[in-house]
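In what follows, a structure is listed as structure tokens, so that the remarks can point back to it.
Just so it is clear, the structure is predicted and the values come from calculations on it, not from any experiment.
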Amino acid sequence: MADLSAAPQPEPPARRSTLSRRGLLKGGGALAVGGLSVAALRLPFFEVAGAQQNPATCKATDLSASAKQMIISNWTGYIDPRRNPKGTFAEFQEKTGIQVTYNDDVNDNAEFYAKVKNQLGTCEPIDRDLIVMTDWMAQRMIDLGWIQPLSKAAVPNLHANLIDSLRDKPWDPDLEYHAPWQSGLTGIAYNAEYVKEVGSFADLITRSDLKGKISLLTEMRDTMGFFLLDVGADPDDFTEAQWYDALDLLKKTVADGQLLKFAGNNYLQQLTNGNVVACEAWSGDVIQAQYDNPKIKFVIPEEGPSLWSDNMLVPNLATHESNAEKWIDYYYEPEVAARLAAWVNYICPVQGAQEAMEKIDPSLVDNQLIFPDPASLKDTWDFMPLDDRQTQQYEGDWTDVTVG
Amino acid sequence: MAAGVRRRGKVGYLLMVPATLWLLVFFVVPFYSLVATSLFDPSGSDFRGYDMTYHWQNYADVLQAYWRPFLRSIWYAALATLICLVLGYVLAYAIAFKAGRWKNLLLVLVIAPFFTSFLVRTLSWQLILSDHGWVVRSLQFVHLLGPEDRLLATPAAIVAGLAYNFLPFMVLPLFASIDKIDPRLVEASSDLYANPFVGFFKVTWPLSLPGVVSGTLLTFIPAAGDYINAEFLGSTNQRVIGNVIQGQFVDANNAPVAASLSVLLMLIIVAMVLVYVRRAGTEELL
Amino acid sequence: MSLLAENGPQNGPDNAAGTDAGGAASADGLRLAGLTKRYPNGFTAVQGLDLEVPRGSFIALLGPSGCGKTTTLRMVAGLERPTAGTITLAGSDITHAKPHQRPVNTVFQNYALFPHLDIFENVAFGLRRRKVKDVEAQVRDMLDLVELDTQARKRPAQLSGGQQQRVALARALINQPEVLLLDEPLGALDLKLRRSMQLEIKRIQMEVGLTFMHVTHDQEEAMTMADTVAVMNAGVIEQMGAPSELYENPRSTFVANFLGQSNLIEGTVLSRAADVVTVDMHGVQVSVPTARVHTDGDRGWVGIRPEKVLIGGEGEALDAPGNTIPGGVVTDVSFVGVSTLYQVRMPWGQELAVFSQNTGRTRMFRTGERVELSWRPEYAFLLDIHQSAAAGVEQGDDD
């Protein structure tokens with residue numbers, strides 16, 4: 001794994017440079033059948049070079065000093081109301097004088113990746129200064145050399161205040177490239193109006209009263225982690241044989257008709273209206289949904305939850321990196337982080353925010369899904385980092401089952 | 001004279017330029033790109049890039065791996081087209097012959113669903129067919145559905161969704177064809193001893209065939225490639241080829257497989273259309 | 001060959017005594033009794049129409065557009081449902097029969113040929129529906145009859161208007177209907193073709209001996225082709241009879257004007273004798289034979305066809321036994337070759353039309369010349385003063 005962690009994998013540079021000179025048919029057109037756009041796969045030359053870049057060379061001049069602005073892409077519903085003049089967003093703009101363009105245009109890691117890979121893969125700007133990606137995608141983008149390193153001096157709060165359980169990720173142990181925005185647990189949600197508590201992932205995929213009425217997440221690492229656990233493997237370190245055991249279990253589950261669907265970001269709607277009665281879910285979503293529908297419950301499965309983060313990353317050719325670093329540092333102030341957490345209800349990655357929460361909303365101080373005590377995070381598992389070939393193979397296996 | 005001919009030829013070619021460009025930019029280039037992609041080495045990745053190895057095996061592989069979703073796509077689309085044809089014909093016939101001054105209003109109503117997005121319309125069907133929605137509960141109440149039966153996540157739901165979403169594509173060409181039929185021809189057939197049933201099949205139906213053919217094509221082709229209905233109204237056991245292509249391209253990042261699936265889908269549809277048009281005896285439409 | 005109009009039976013061969021609808025008396029022909037069509041919007045297209053058409057006759061329904069003639073035809077075909085009344089054909093009541101159940105076929109206006117079938121199949125359509133054997137030979141014979149045997153495999157759109165018309169005729173005729181209905185069948189043809197088709201249809205009718213009912217607004221067509229003409233106006237039959245009878249002795253101002261042209265001069269009845277009625281017409285006494293008097297009133301319209309009016313110079317002797325009407329002034333002269341049309345202003349201000357045959361025996365008059373008019377009393381007719389003198393004028397040719 002070590003070779004994947006920090007620096008982008010070196011690739012034969014010849015191919016890469018050929019590629020950039022071949023930029024003939026950019027953004028050609030969309031495919032008529034199936035809604036697949038592949039025109040940006042370079043024509044008329046019969047091959048497509050690797051998409052790896054070198055962040056040290058694929059870098060723009062930082063205009064932050066003269067242009068007090070920045071552009072962010074984040075997931076939907078992931079910030080307190082921006083129009084609230086007392087909210088964190090307005091306060092940041094006021095304090096720093098930086099005009100922030102905030103897009104909530106991330107719905108799905110893979111989809112966002114597909115949207116930007118033609119630009120980032122050929123060292124072209126995507127007009128974003130900060131994007132928010134889940135661990136595995138953050139890792140992939142860092143590995144591809146698409147992400148600019150953060151200046152350690154510019155983000156002191158990050159290095160000082162990040163909670164311990166989120167430190168030392170093998171793919172970026174020194175927080176050189178990423179800063180967690182929010183974290184969460186992957187567990188089980190169920191609708192108590194229709195079914196009894198679902199205590200484990202094994203129950204979820206076998207209980208007959210749930211047949212045809214569960215959904216699993218389309219995020220391979222979330223879902224396959226549980227299947228690996230259920231076949232007795234460790235998601236943090238598994239063999240290929242174990243992977244195929246887990247995959248067989250997944251196939252069987254699908255073939256048995258246990259699933260309604262594999263769901264992306266919108267899985268909760270089906271849970272609320274009862275077409276799905278139990279599902280794999282992310283903690284913060286469930287807490288938000290509970291405000292509207294108290295029958296929706298979140299369970300940390302017996303197999304143990306998975307702890308993940310969505311991470312702020314500065315993409316190559318961002319022109320306002322310093323402004324983006326100011327944003328990161330601002331959100332790592334405990335008081336700001338607490339205000340944000342009080343709204344989004346995900347696990348707050350900032351130490352000291354729990355204390356600050358006392359003044360904001362005392363009812364949330366002891367909420368284990370926002371401020372879990374370190375002991376309860378002991379059982380959490382992570383999905384082991386995959387190299388390129390493994391990614392290719394496992395993602396392919398996974399897709400065969402989820403779409404076939 | 002030779003010069004004259006040459007000049008005329010030049011003007012002719014000049015006039016063809018816009019259409020040729022259009023075709024080049026919006027069909028030839030994407031299609032070429034698609035075919036090229038489908039022949040890439042499937043072991044490539046974004047990291048390593050994709051080599052052109054003329055890997056025709058891709059086609060055999062995807063056909064072997066995904067023939068079920070292919071069949072499902074075609075089957076669902078065919079059923080939906082049939083339903084659209086029956087419903088659409090009745091509707092178009094009524095609008096053309098019976099609507100009188102309501103004709104234009106009814107036509108607008110047929111198109112009205114297009115004013116909302118395809119996605120929203122399909123999601124509404126998800127709500128309508130939902131397990132705890134009034135439709136399912138009413139059907140359960142009258143014992144047309146058992147207490148555990150559902151509409152959502154069944155092939156019927158997908159077919160219904162497809163039929164609903166593509167009905168206007170059927171109705172409009174049908175209407176255009178039927179509206180052109182001189183009602184006196186129907187009178188003439190009844191005057192010549194054809195009862196209404198025979199008159200329909202001997203006169204109205206054959207005269208509306210151009211509309212039937214273009215309507216079924218306009219319905220079947222997009223329905224066969226559609227995956228939104230399967231996504232929202234079906235379950236994991238009713239995924240169609242569109243889901244596979246989307247998943248392969250976006251989730252699995254496997255462009256060669258996605259591209260060969262797309263090309264294959266295209267070829268299958270073109271082949272079916274050719275056979276169909278031959279059979280229907282309406283080659284002049286092509 | 002004769003016909004009974006609304007006034008009841010007169011000389012129909014099948015109608016000795018009774019008038020009861022559907023009786024054995026009319027077993028052979030087409031009989032309409034009290035036929036009425038009122039549309040939901042209140043418009044009455046046909047009003048209590050009685051008509052009897054003996055088998056084998058050729059009747060024309062003649063009238064301006066909107067007079068109800070086409071509606072009558074469509075009710076016979078079964079394409080419109082009558083509001084009241086009955087239709088009896090060959091002895092059976094078909095008032096409520098469906099169109100495809102009636103032994104009636106129609107030649108439609110604009111023909112309504114099936115564009116997707118070739119000529120052969122168009123003609124064979126009715127036979128095939130009735131599962132008749134020997135379709136091939138019958139169609140061949142019929143195409144021979146209408147001289148289209150070489151066109152059998154063409155589509156209607158490949159044929160000329162006249163040919164299409166013949167196909168339409170063949171398609172209907174081949175079924176040997178009890179009644180063949182022709183709905184303005186020649187309207188779409190040019191004048192020359194229309195003339196020859198008129199003769200051809202007449203020829204075919206005589207050859208096959210079927211009952212033809214022909215609807216037209218063209219009086220010349222009606223008179224050329226039909227044995228009997230029924231002039232329709234505003235939903236009723238105004239008058240019916242042989243073409244010459246209608247022309248010579250019109251019973252209403254509408255018929256007088258719609259069929260040809262008439263001079264209608266207001267007059268006061270002076271005396272009614274057994275065989276003649278004397279009328280004072282602006283100071284001139286004229287007599288009208290009783291058989292040609294169609295009013296009981298004290299006043300009436302004295303009618304005379306322009307070609308029956310004789311014209312002469314002042315004091316010139318006119319070859320007519322009636323009184324001479326002096327004091328006319330020629331206001332317009334139109335020379336049309338075989339005849340000359342004069343407009344003559346009479347002392348009471350009315351302009352009368354005069355057709356003078358250019359026989360060479362009389363000289364031409366010039367505009368402004370003073371003339372005297374006269375006519376033979378047996379040509380004049382007397383009509384109801386309450387009818388409009390302009391009824392039926394200029395309605396013949398618009399459609």
Side-chain angles (χ1 to χ4, degrees), chain B residues 85 89 92-94 96-103 105 173-217 276-286, chain C residues 40-41 70 73-80 97-118 121-132 135 155-157 164 167-185 188:
Chain B
L85 181 60
Y89 206 101
Y93 188 92
F97 282 157
K98 311 284 180 195
R101 63 203 175 96
W102 302 105
K103 200 184 265 191
L105 178 70
L174 273 179
F175 170 78
S177 241
I178 297 175
D179 194 45
K180 267 192 291 186
I181 299 177
D182 187 343
R184 281 175 303 189
L185 294 176
V186 180
E187 290 187 345
S189 78
S190 69
D191 188 68
L192 292 164
Y193 312 105
N195 64 39
F197 186 77
V198 173
F200 174 81
F201 282 104
K202 291 290 173 187
V203 177
T204 313
W205 174 259
L207 287 175
S208 64
L209 266 188
V212 171
V213 171
S214 46
T216 44
L217 290 183
Y276 171 65
V277 171
R278 281 279 151 74
R279 276 289 178 84
T282 43
E283 287 96 332
E284 56 262 38
L285 282 179
L286 283 187
Chain C
N41 63 10
T70 296
L73 182 113
R74 289 173 60 83
M75 285 192 285
V76 174
L79 301 173
E80 300 271 1
K98 300 269 179 245
H100 65 273
Q101 295 162 332
R102 301 181 181 211
V104 172
N105 292 108
T106 309
V107 177
F108 288 86
Q109 198 173 8
N110 303 89
Y111 323 134
L113 298 179
F114 303 123
H116 59 297
L117 301 178
D118 63 19
E121 286 304 321
N122 263 282
V123 175
F125 194 92
L127 297 183
R128 295 210 194 281
R129 297 293 84 73
R130 288 183 298 149
K131 312 248 185 298
V132 169
V135 172
R155 293 278 171 100
Q164 292 186 31
V167 176
L169 192 61
R171 185 179 69 171
L173 269 180
I174 197 169
N175 303 295
Q176 297 186 301
E178 286 292 328
V179 181
L180 184 84
L181 306 173
L182 300 109
D183 183 8
E184 302 266 7

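Annotation: cation-pi pair B/R278/B/Y276 absent, no NZ/CZ under 6.0 Å from the ring centroid and within 45° of its normal.
B/S208 is linked by a side chain to side chain donor-acceptor pair (under 3.5 Å) to B/Y89, counting only residues two or more places apart in sequence or in another chain.
Interface residue C/F108: only side-chain heavy atoms are found under 4.5 Å from chain B. At a 4.5 Å heavy-atom cutoff, the contact between B/V198 and chain C is made by side-chain atoms alone. Heavy-atom distances place the backbone of C/L113, and not its side chain, under 4.5 Å from chain B. Contacts of B/N195 with chain C are made by both backbone and side-chain atoms, with heavy-atom separations under 4.5 Å.
The backbone N or O of B/K202 sits less than 3.5 Å from a side-chain atom of C/H116, completing a donor-acceptor pair. Distance alone, capped at 3.5 Å, places no donor-acceptor pair between the C/E121 side chain and the C/D118 backbone. Side-chain atoms of B/S189 come within 3.5 Å of backbone N or O of B/V186 as a donor-acceptor pair.
With respect to C/D183 and C/R74, no salt bridge is recorded, no charged nitrogen being found less than 4.0 Å from a carboxylate O.
For B/Y193 against C/N105, the heavy-atom pair with the smallest separation is OH-OD1, 2.8 Å.
Chain B forms more heavy-atom pairs under 4.5 Å with one residue of C/G78, C/A112, C/P103 than with any other, namely C/A112.
Of all residues in residues 167-176 of chain C, those placing a non-hydrogen atom less than 4.5 angstrom from a non-hydrogen atom of chain B are C/R171, C/N175.
C/V135 is listed as a side-chain neighbour of C/R128, based on a closest heavy-atom distance under 4.5 Å.
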